[in-house]
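One-based numbering, in listed order, for ligands and for the atoms of each. We're numbering straight along the sequence, starting at 1. These figures come from a predicted structure and were not determined experimentally.
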Amino acid sequence: MKKIVKLGFPLIVAVILIMSFLSARSMSDIENYGRLINYVGIVRGASQRVIKLETNDMPDDNLINYVSSIMDELLTGEGEYGLERTGYGAFNDNLEKLGERWEQIKTEIAEVRSGHDKEKLLASSEELFDIANDTVFSIEKYSGMRSASLARQLIVMGIFCFLISIVIIGYYVREYFRLRKKTETLADMAGRDKLTGALTTERFYTDAQKMLDSTDARAAILYIDFENFKYINDVFGYEVGDAILQKYAEVMTASLRKGELLARVMADRFVLLRFYEDKELMLEEQKELDRRFMNLDVLPDKHSITIACGFCCREDVIEQLDINGLINRANYAQKTIKNKPDVHYAFYDDSIRQKMFREIYLTDRLQKGLDTGEFRVYLQPKVSPFEGRIEGAEALIRWITADGEFITPGEFITLFEKNHSIRKLDQYVFESVCRLMHERYEKGRAVVPVSVNVSKLTFYTADFIDAYKEIKERYGIPDNMLEIEFTETVACENEKYMTQIVKDLHENGFLCSMDDFGTGYSSLGMLKNLDIDTLKLDALFFRESKDLKKEQIIVKEVLHMIYQLNIKAVAEGIETESQVAFLKECGCDYIQGYYYYKPMPAEEFGAELDRQSVQAV
Ligand code: C2E
Ligand code: MG
Ligand code: MG
């Protein structure tokens with residue numbers, strides 16, 4: 001089209017120029033015809049006057065010459081009056097006749113002057129008058145024809161210009177819309193996630209807010225998260241992970257109705273704005289979409305993916321919340337079911353609201369709690385089942401608020417992790433343990449190795465070993481009396497990094513322990529690379545299971561393997577005599593569980609150690 005416009009433009013200009021030239025010529029011709037009519041009229045009138053003067057014996061040669069000069073110019077097209085010859089035959093014939101008649105009249109005037117009869121001259125005068133009339137009519141007719149043709153020409157030119165303008169305007173309008181669409185497409189692309197084509201978070205925030213502001217319809221925000229997506233990436237590779245996200249976005253996008261939006265907020269998380277009539281139907285629809293997605297077999301060998309979806313319906317929110325607040329609540333609802341085996345969908349409701357406010361309250365109180373010593377270190381003994389003696393302990397944090405509320409770590413550890421103050425807390429526990437041990441050393445009392453939990457965030461803080469070493473040395477705690485516990489999941493996430501950390505910890509006189517063994521994945525492979533001192537079998541191993549026999553085989557084999565690797569074993573969460581008997585039989589080094597002791601305040605633990613020492617003596 002651009003090319004056509006480029007080539008067509010000079011052609012159009014040429015056509016318009018030619019048409020303008022022709023029109024100008026026609027106008028000039030018509031003007032000429034007007035003059036011709038006038039001058040033929042002059043010839044007609046002046047010739048009559050010449051004859052009248054001649055017949056009254058008052059000859060006027062000047063007038064005769066004047067008529068002759070006009071007649072000559074009419075016939076030749078050359079002269080002072082600007083009269084041009086025309087191509088119109090009838091007019092030219094009449095002019096010829098008029099010229100001849102005028103010549104005849106001039107001869108007859110000469111004859112009258114030499115005494116001839118005037119009758120002939122008068123008769124010729126009549127004839128000239130008639131011929132002049134015919135001449136005027138013919139040129140008038142011709143002029144009329146040319147005027148009509150000029151009008152037609154102008155109309156054609158007008159129409160042509162109009163059509164051309166329409167084409168040009170049309171072209172530019174089309175160009176304008178094309179560019180606008182292109183700009184819109186580019187803007188749209190900028191607001192979309194490159195991998196999935198879903199909206200970006202920022203775009204979703206603005207678009208969804210606008211949409212919610214524009215209607216009172218029942219609306220909900222859905223927060224969708226894939227469980228163990230990291231595992232999928234690790235096991236099947238990032239390409240498979242990406243394909244899963246793309247497919248899911250595809251399925252969800254196809255389900256969107258007018259005004260509904262989908263965004264990928266981060267990694268494996270999507271948010272949706274949905275309008276609904278009935279909550280149950282909306283839930284069923286979501287379940288059906290998820291089922292449809294699962295049936296696409298995006299994972300090889302029929303591996304399944306679990307999706308956790310939290311709903312926050314606008315009508316269930318008491319406060320006046322913007323889109324951000326709704327997303328937060330949907331996310332919160334989603335988190336309440338994350339990693340739960342049977343529940344995959346949750347609606348934000350009052351109980352979740354209470355829980356959320358509780359978290360906000362605890363987060364707010366955190367710093368104050370640390371400042372005012374509300375956090376206490378409890379110790380849970382690790383007992384050798386063979387001697388029945390306390391051989392060590394694990395330090396476990398407790399939060400006892402000023403008003404006597406007892407808050408367990410399960411409730412606040414994740415909060416501390418979320419707001420990054422866990423490192424402060426870990427270090428607080430570590431220093432408290434060192435202080436307690438130091439006091440006992442000072443008093444010459446029995447001291448056993450104590451393990452402390454160190455969260456993932458603390459591990460990833462560059463100077464954590466230096467800081468712990470400084471505290472250990474400040475309190476003069478001998479080597480191998482302090483043990484650092486990290487979870488199996490932390491160890492798995494960055495095995496290379498952890499190998500180095502374990503090495504550094506050993507070099508600085510710390511023991512290393514892998515906590516919660518059996519709750520994560522790929523545990524066994526890791527054991528050959530990580531030079532740990534202790535392995536803590538998670539309580540999960542000892543929960544009542546359907547097949548006790550199988551469970552016992554596994555525990556037995558794991559303990560056997562640990563023994564051969566020269567790693568000490570601690571069984572956690574042991575509550576019954578039969579469990580102890582079995583573990584003893586398997587050669588488990590230590591038992592940590594309610595069967596022997598619950599976690600207790602440091603003073604109580606100290607007293608228990610003292611009692612044991614006295615007994616030993
Ligand atoms: P963990 O390190 O695996 O600690 C063992 C948990 O099992 C403790 O829960 C302990 O009270 C509980 N337990 C021990 N024996 C039994 C038993 O026989 N039956 C039952 N039902 N439970 C038993 P607690 O103290 O609630 O701690 C929970 C988790 O919080 C700990 O799991 C640890 O991951 C974390 N945690 C505790 N203190 C700290 C800390 O100072 N720093 C960090 N980062 N995490 C901590
Ligand atoms: Mg632990
Ligand atoms: Mg544990």
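Atom CG of residue Leu199 and atom CG of residue Asp193 lie 9.5 Å apart, to the nearest 0.5 angstrom.
Defined by atom type and a distance below 3.5 Å, a donor-acceptor pair is missing between the side-chain atoms of Tyr468 and Asn508. Counted by atom type alone, Glu394 and Asn453 present one or more donor-acceptor pairs between their side chains at under 3.5 Å. Counted by atom type alone, Glu608 and Tyr597 present one or more donor-acceptor pairs between their side chains at under 3.5 Å. If you check the side chains of Ser451 and Lys382, you find a donor sitting under 3.5 Å from an acceptor.
Atoms of ligand 1 found under 4.0 Å from any heavy atom of Gly593 (numbered from 1 in listed order, with element): 15 (N), 18 (O). Atoms of ligand 1 lying under 4.0 Å from at least one heavy atom of Gln380, given by number and element, are 10 (C), 14 (C), 15 (N). Listed by number with element, the atoms of ligand 1 under 4.0 angstrom from any heavy atom of Glu572 are 1 (P), 3 (O), 4 (O), 5 (C). Residue contact check: Asp426 has heavy atoms under 4.0 Å from atoms 40 (C), 42 (N), 43 (C), 44 (N) of ligand 1. Atoms of ligand 1 lying under 4.0 Å from at least one heavy atom of Gly573, given by number and element, are 15 (N), 16 (C), 17 (C), 18 (O). Taking a cut-off of under 4.0 Å to the non-hydrogen atoms of Ile574, the atoms of ligand 1 that pass are 18 (O). Those atoms of ligand 1 with a heavy atom of Pro599 less than 4.0 angstrom away are 11 (O).
Between Glu431 and the options Arg474, Lys424, Lys472, a salt bridge (Lys or Arg N to Asp or Glu O under 4.0 Å) holds for only Arg474.
For atom 32 (O) of ligand 1, no protein heavy-atom neighbour is present inside the 4.0 Å cut-off. Distance remark: protein heavy atom not present below 4.0 angstrom from atom 6 (C) of ligand 1. Within a 4.0 Å radius of atom 25 (O) of ligand 1, the protein contributes at least one heavy atom. Protein heavy atoms are absent from the 4.0 Å sphere centred on atom 9 (O) of ligand 1.
Atom 29 (C) of ligand 1 has its closest protein heavy atom at Pro409 CB, 4.5 Å. Distance from atom 38 (N) of ligand 1 to its nearest protein heavy atom, with residue and atom name: Ile397 N, 3.2 Å. Closest to atom 41 (O) of ligand 1 among all protein heavy atoms lies Val429 CG2, 3.4 Å. Ranking the protein heavy atoms by distance from atom 37 (C) of ligand 1 puts Leu396 CD2, 3.7 Å first. If you check which protein heavy atom lies closest to atom 1 (P) of ligand 1, you get Asp515 OD2, 3.7 Å.
Using a 4.0 Å cut-off between charged nitrogen and carboxylate oxygen, Lys556 and Glu585 count as a salt-bridge pair. The pair Glu319-Arg353 counts as a salt bridge, with a side-chain nitrogen and a carboxylate oxygen less than 4.0 angstrom apart. A salt bridge is absent between Arg329 and Asp316: the closest approach of a Lys/Arg side-chain nitrogen to an acidic carboxylate oxygen does not fall below 4.0 angstrom.
Contact annotation: the side chain of Val265 approaches that of Tyr223 to within less than 4.5 Å [non-hydrogen atoms, C-beta and beyond]. Within the 4.5 Å cutoff, the side chain of Val377 has heavy atoms near those of the Val433 side chain. Residues Phe517 and Asp538 fail the side-chain proximity criterion, which asks for heavy atoms closer than 4.5 Å.
Both the backbone and the side chain of Ser455 come within 4.0 Å of ligand 1, counting heavy atoms alone. Of all the heavy atoms of Asn453, the ones lying under 4.0 Å from any atom of ligand 1 are found in both the backbone and the side chain. When non-hydrogen atoms are compared, ligand 1 lies under 4.0 Å from neither the backbone nor the side chain of Thr487.
Proximity of Lys536 to ligand 1 is not established, as no heavy-atom distance is less than 4.0 Å. The closest approach between any non-hydrogen atom of Glu394 and ligand 1 is below 4.0 Å.
Atom 18 (O) of ligand 1 has its nearest heavy-atom neighbour, among Tyr596, Tyr594, Phe542, in Tyr594. In this structure, of Gln579, Glu575, Gln592, the residue bringing a heavy atom nearest to atom 21 (N) of ligand 1 is Glu575.
The aromatic rings of Phe226 and Phe229 are tilted relative to each other, their planes meeting at an angle between 30° and 60°.
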Inset, instruction - Under the side chain to side chain contact (heavy atoms under 4.5 Å, CB included) rule, what do Phe270 and Leu245 come out as? Steps first, then yes or no, please. - result: CA-CA 9 Å; Phe270 290 90; Leu245 297 175; 3.9 Å; yes
Legend entry - Full working for salt bridge (Lys or Arg N to Asp or Glu O under 4.0 Å) between Arg423 and Asp463: CA-CA 11 Å; Arg423 186 190 159 162; Asp463 61 345; 3.0 Å; yes
Inset, instruction - I would like to know whether Ser421 and Leu366 meet side chain to side chain contact (heavy atoms under 4.5 Å, CB included); could you show each step before the answer? - result: CA-CA 9 Å; Ser421 37; Leu366 211 77; 3.1 Å; yes
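Checking Asp515 against the Mg ion (ligand 3), an N/O/S atom falls under the 2.8 Å cut-off.
Atom OD1 is the N/O/S atom of Asp516 found closest to the Mg ion (ligand 3). The Mg ion (ligand 2) is closest to atom OE2 of Glu394 (considering only N, O or S atoms).
With the Mg ion (ligand 2) as the vertex, atom OD1 of Asn453 and atom OE1 of Glu485 span an angle of 90° (nearest 10 degrees).
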